[in-house]
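Each remark here refers to the structure printed beneath this line.
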Amino acid sequence: MSEPRKLYVKSFGCQMNVYDAQRMTDQLAREGYVETATPDDADLVILNTCHIREKAAEKVYSELGRLRKQQEELGRRTMVAVAGCVAQAEGAEIVKRAQGVDLVVGPQSYHRLPELLAEAESRGTHKRAKIVETEFPVEDKFDFLAPPSREAIARRGPTAFVTVQEGCDKFCTFCVVPYTRGAELSRPVGKILDEVRRLADGGVREVTLIGQNVNAYHGDDGHGRPAGLAELVRRVAEVPGIARIRYTTSHPRDMDEELIAAHREMPALMPYLHLPVQSGSNRILTAMNRKHDRELYFEIVARVRAARPDIAFSSDFIVGFPGESDEDFADTMDLVEKVGFAGAFSFKYSPRPGTPAATSDDQLPEDVKNERLYALQALLERQKQAFDQACRGRRLDILLEKPGRLPGQLIGRSPYLQSVVVLAPRAAIGSLAQVEVREVSTKSLAGDILGGEFFETQVPPSGGPRGEAGLRPAEKVEA
């Protein structure tokens, strides 16, 4: 029998790229590829790319240069494919700019990887052997993707991403997503549930439902009617074995009352909401075409907190947007002060080719953008540390995910996505434990498992009554 071919996939950017990378790996597993941890011995390297920021795109070209140099030093030829949003946006430009790329495939066509790779191989190393596939196909790629094996699911751990929605119809003036991912498309409820059941059977206990605009979800409910995200969350919570549910990334305009009510009524829905605002200035929000203002954002935060008092928020911010004045930036700082965030992602504006904001005459100097970013990030970090410190002495349900750095340690995640270090046996990975937090550092929490007990990872089908720890006690495991 021939040796299996080795596959190395490197992803840049968002959670959707992590999910896409896993699905590409699953698709190619049927073709005899096995994953390898390094590109050194790979027969195929896939760079799964992000185009949200300028530096992210440039990282891809730098990585391609390193791969080419590495191949020359090793004296071997590796097939190289570029996938994802940079592939979609720049297409043929990639094969012109980076020698050694055999295939460019957009995020809507990676289900065709086996046939595209076969075509590239059949062409050999001839100069014309470059394939660029960036069309938006008529067929739904999810109908053609191979499911992961039970072994692959178990190997990836007790948490998983599940794409439920792709694309965006909002057309923010800074964003390339509508051009690289296309219009909003929601997967049917039944197909999502099939995927979640498969994941739960492989040991997954927490799923994060993901989409470019996930709370705009409107998938077919199986009876010819559109289901919203709240209904989807309720259906996912009924899957045996699924204990925790998250969703990201949301848009303020799509936070409807049913979804807010789900935060009040669904114990499995974690009390941590990522709700990007981008700016605290109404003038800049209008220029961004965000379709919401700061007043609506404050109103949504208040309504969600009323429904779920223990909820924490994270957000996205862009500073230095074209035309942003000192007063506009002050409005952003004011919004942050008034809301209070447990975490956030913040960036200085970088023009993306093809977006309206990129052609604005009001671009700001880099030193101004840098100064504002440092000030914002310092405030956000203070808020994060204050939130973490407030967790000292609290009892939190922790999903144990992986071994820690030291023997006998495990690392888990709190409901608020904090890393939590505990002493527990390796066999407890995949379990939930009630932990009393005793130490807080800049990067993680540490605590003690109360009573040495872990808890079953199946919530009641109704998502209903729970014990104090969140789930009912299971067989005791000695730590």
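The figures here come from the full heavy-atom set of this structure, side chains too, leaving out hydrogens, waters and symmetry mates.
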Tell me every residue that passes side-chain hydrogen bond (donor to acceptor under 3.5 Å, both in side chains) with [X], counting only those two or more places apart in sequence or in another chain.
{"X": "Gln389", "answer": "Arg392"}
{"X": "Gln278", "answer": "none"}
{"X": "Arg5", "answer": "Tyr33, Glu121"}
{"X": "Asp331", "answer": "none"}

**OP:** Would you name the heavy atoms of Asn213 and Gln165 that are closest together and state the gap between them?
**Re:** N-OE1, 2.9 Å
Original post:
If every non-hydrogen atom of Gln418 is compared with every non-hydrogen atom of Cys391, which pair is closest and at what distance?
Top reply: NE2-SG, 3.5 Å
Original post:
Checking Arg253 side chain against Lys291 main chain: does a donor-acceptor pair fall under 3.5 Å?
Top reply: yes
Original post:
Can Glu324 and Lys369 be counted as an ion pair, charged N to O under 4.0 angstrom?
Top reply: no
Subject >> Salt bridge flag under 4.0 Å for residues Arg197 and Asp201 >> reply: no
**OP:** Taking ring-ring contact (aromatic ring centres under 6.0 Å, His included) as the test, write out the residues that go with Phe345, two or more places apart.
**Re:** His274
Original post:
Judged by modelled atom types alone, do Asn48 and Lys10 share a side-chain donor-acceptor pair under 3.5 Å?
Top reply: no
Original post:
Do Asp41 and Thr36 meet the criterion of a side-chain donor-acceptor pair at a distance under 3.5 Å?
Top reply: yes
**OP:** If a pair satisfies ring-ring contact (aromatic ring centres under 6.0 Å, His included) and one of its residues is in residues 397-418, list it, with sequence neighbours excluded.
**Re:** Phe387-Tyr416
Subject >> Ring geometry between Tyr19 and Phe142 (parallel below 30°, tilted from 30 to 60°, perpendicular above 60°) >> reply: tilted
Original post:
What class does the angle between the rings of Phe171 and Tyr179 fall in, given that below 30° is parallel, 30 to 60° is tilted and above 60° is perpendicular?
Top reply: perpendicular
**OP:** Please say which of Phe347, Phe174, Phe341 ends up in a ring pair (Phe, Tyr, Trp, His ring centres under 6.0 Å) with Phe317.
**Re:** Phe341
Original post:
Of Arg382, Glu381, Gln383, which is the lone residue that meets side chain to side chain contact (heavy atoms under 4.5 Å, CB included) with Gln385?
Top reply: Glu381
